[in-house]
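Take a look at the structure below.
Chain letters run A, B, ... following the sequence lines, proteins first, then strands; residues in each count from 1.
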Protein chains: 2
Amino acid sequence: MLSKKTKYGIKALVHLAKKDQRCPVQISTISSAENISQKFLETILLILKKNGILGSKKGKAGGYYLLKEPNHVSMADVMRILEGPIAMVPCVSLNFYEACSDCPDETICAVHNLMEEVRDSSLKIFNNKTLADFI
Amino acid sequence: MLSKKTKYGIKALVHLAKKDQRCPVQISTISSAENISQKFLETILLILKKNGILGSKKGKAGGYYLLKEPNHVSMADVMRILEGPIAMVPCVSLNFYEACSDCPDETICAVHNLMEEVRDSSLKIFNNKTLADFI
DNA sequence: CATTTAATCTACTATTCCGATAGGAATTAA
DNA sequence: TTAATTCCTATCGGAATAGTAGATTAAATG
């Protein structure tokens with residue numbers, strides 16, 4: 001299941017991408033336009049900022065804005081930041097690899113091989129899809 | 001993230017599929033061969049039985065066995081039984097559909113369209129992969 | 001029939017994560 | 001100086017995970 005954090009994050013990013021100007025958009029504007037709890041959205045946008053996707057401006061007339069062009073923000077980036085690993089098991093994750101304690105040999109593990117295929121196909125989609133595709 | 005329930009379930013099913021004879025295999029045998037907590041595995045196998053994947057025999061020389069040929073047990077079946085919906089959001093689920101309360105129009109929702117693609121590609125893999133592929 | 005073996009059922013528990021909320025501090029514009 | 005806005009930390013209830021414990025039922029064997 002996709003977390004609401006990621007879901008809301010994607011919606012907020014698309015919202016920002018639609019305003020191609022570099023002027024900041026306030027949290028309250030996004031939250032009411034996209035039906036997202038404002039307080040919850042605060043924490044999400046902060047995470048995206050700390051990970052180099054968004055910039056912000058404090059104070060009056062402040063808000064958030066995209067740091068890159070929409071076509072340079074891939075869904076794979078967003079997913080990894082908000083949702084974590086794209087792979088369904090750590091033993092097939094490219095960026096968050098971890099061995100299974102119970103598995104003597106990955107190469108012959110059914111779960112490993114199955115989920116490797118799933119990871120490949122998902123990654124292909126997430127890598128090729130950017131914010132620009134949703135404007 | 002794939003739950004351990006599903007992970008263990010797949011491993012147990014593959015274990016059973018490798019013994020193509022119809023003689024029952026005991027929980028304790030599977031749990032020690034696959035490094036799975038026996039008590040936890042009990043509940044998993046019971047679920048698979050209640051969903052028509054496994055049969056069982058009680059008492060001495062009892063155990064679990066596959067009800068169908070390995071090539072007739074798809075990963076999509078197993079995933080839906082143990083993990084739940086294959087889709088990452090309910091609004092793109094074929095078997096567990098549910099509308100989003102916050103979304104005014106699915107057809108133009110970025111999350112919806114993105115996750116629809118992901119569902120299609122994952123489903124293609126899960127539908128075409130059966131236990132027989134892991135023997 | 002009694003015993004042993006093994007699945008079945010019910011219930012409980014500890015831990016973690018999710019989705020959200022609260023309240024205040026820091027910063028900026030007017 | 002004031003109002004608006006992001007930034008930060010902390011907390012919380014509820015749900016889900018990953019088990020565990022113990023009693024019950026059913027079948028085979030002697």
Side-chain angles (χ1 to χ4, degrees), chain A residues 1-12 16 23-32 34-67 81-85 88-90 96 100-102 111, chain B residues 1-12 16 23-51 53-67 81-85 88-90 96 100-102 111:
Chain A
M1 275 294 149
L2 193 75
S3 68
K4 302 223 167 182
K5 187 163 77 172
T6 305
K7 181 183 167 189
Y8 294 159
I10 293 173
K11 286 193 169 193
L16 288 172
C23 75
V25 179
Q26 293 157 23
I27 298 177
S28 60
T29 306
I30 303 174
S31 84
S32 62
E34 306 292 339
N35 294 311
I36 305 169
S37 147
Q38 177 166 344
K39 271 298 196 181
F40 193 21
L41 187 56
E42 273 185 28
T43 70
I44 297 168
L45 297 182
L46 207 49
I47 294 170
L48 290 169
K49 186 201 166 180
K50 287 181 178 164
N51 283 275
I53 305 289
L54 294 179
S56 69
K57 202 184 150 192
K58 280 186 175 182
K60 216 167 193 173
Y64 283 96
Y65 50 90
L66 280 178
L67 282 180
I81 290 169
L82 294 175
E83 192 75 9
M88 295 188 79
V89 280
F96 301 83
C100 297
S101 56
D102 55 309
V111 177
Chain B
M1 274 296 147
L2 193 77
S3 67
K4 303 222 167 183
K5 186 165 77 173
T6 306
K7 181 182 165 188
Y8 295 160
I10 293 173
K11 286 192 169 196
L16 288 171
C23 75
V25 179
Q26 294 159 23
I27 297 178
S28 59
T29 305
I30 303 175
S31 83
S32 62
E34 306 291 339
N35 294 311
I36 305 169
S37 145
Q38 177 164 346
K39 270 299 193 178
F40 193 20
L41 187 56
E42 276 184 23
T43 71
I44 297 169
L45 297 182
L46 207 49
I47 293 170
L48 289 170
K49 185 199 168 180
K50 286 181 177 162
N51 282 276
I53 305 289
L54 295 178
S56 69
K57 203 183 149 195
K58 278 188 177 182
K60 215 168 195 174
Y64 284 96
Y65 50 89
L66 280 178
L67 282 180
I81 291 169
L82 294 176
E83 193 74 10
M88 295 189 80
V89 281
F96 302 82
C100 297
S101 56
D102 55 309
V111 176

Atom [atom1] of [X] and atom [atom2] of [N]: how far apart are they, to the nearest Å?
X: Tyr64(A); N: dA4(D); atom1: OH; atom2: P; result: 19 Å
X: Lys11(B); N: dA18(D); atom1: NZ; atom2: P; result: 14 Å
X: Leu2(A); N: dC17(C); atom1: CG; atom2: P; result: 17 Å
X: Gln26(A); N: dC7(D); atom1: CD; atom2: C1'; result: 15 Å
X: Lys7(A); N: dA20(C); atom1: NZ; atom2: C1'; result: 15 Å
X: Gln38(B); N: dC9(C); atom1: CD; atom2: C1'; result: 16 Å
X: Phe40(B); N: dA11(C); atom1: CZ; atom2: C1'; result: 16 Å
X: Glu83(A); N: dC17(C); atom1: CD; atom2: P; result: 13 Å

Listed partners of Leu67(B) passing side-chain contact (heavy atoms from CB on, under 4.5 Å), at least two apart:
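Once residues adjacent in sequence are excluded, the partners of Leu67(B) under the side-chain contact (heavy atoms from CB on, under 4.5 Å) criterion are Tyr65(B).
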Indicate whether OP1 or OP2 belonging to dG19(C) is found under 4.0 Å from a side-chain N or O atom of Ser37(A).
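No, no such contact exists.
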Give a yes/no on whether any side-chain N or O of Tyr8(B) is located under 4.0 angstrom from OP1 or OP2 of dA18(D).
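Answer is no, no contact under 4.0 Å.
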Are the side chains of [X] and [Y] in touch, meaning some heavy atoms are under 4.5 Å apart?
X: Ile53(B); Y: Ile47(B); result: no
X: Pro90(A); Y: Met1(B); result: yes
X: Thr6(A); Y: Val111(B); result: no
X: Asp102(A); Y: Ile36(B); result: no

Quick one: ring-ring contact (aromatic ring centres under 6.0 Å, His included) partners of Tyr64(A), sequence neighbours excluded?
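Listed in chain order: nothing, the list is empty.
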Closest to the Lys4(B) side chain, choosing from dA18(D), dT21(C), dA7(C):
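Among dA18(D), dT21(C), dA7(C), the one nearest the side chain of Lys4(B) is dA18(D).
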Could you tell me the separation between the CD atom of Glu34(A) and the NZ atom of Lys7(A), rounded to the nearest 0.5 Å?
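Glu34(A) CD to Lys7(A) NZ: 11.0 Å, rounded to 0.5 Å.
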What nucleic acid atoms does Lys39(A) come within less than 4.0 Å of, heavy atoms only: base, sugar-phosphate, or nothing?
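If one applies the 4.0 Å heavy-atom cut-off, Lys39(A) turns out to touch a base.
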If you take any heavy atom closer than 4.0 Å to DNA chain D, which residues from residues 41-63 of chain A end up in contact?
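Under 4.0 Å from DNA chain D: Glu42(A), Leu46(A), Lys49(A), Lys50(A), Ser56(A), Lys57(A), Lys58(A), Gly59(A), Lys60(A), Gly63(A).
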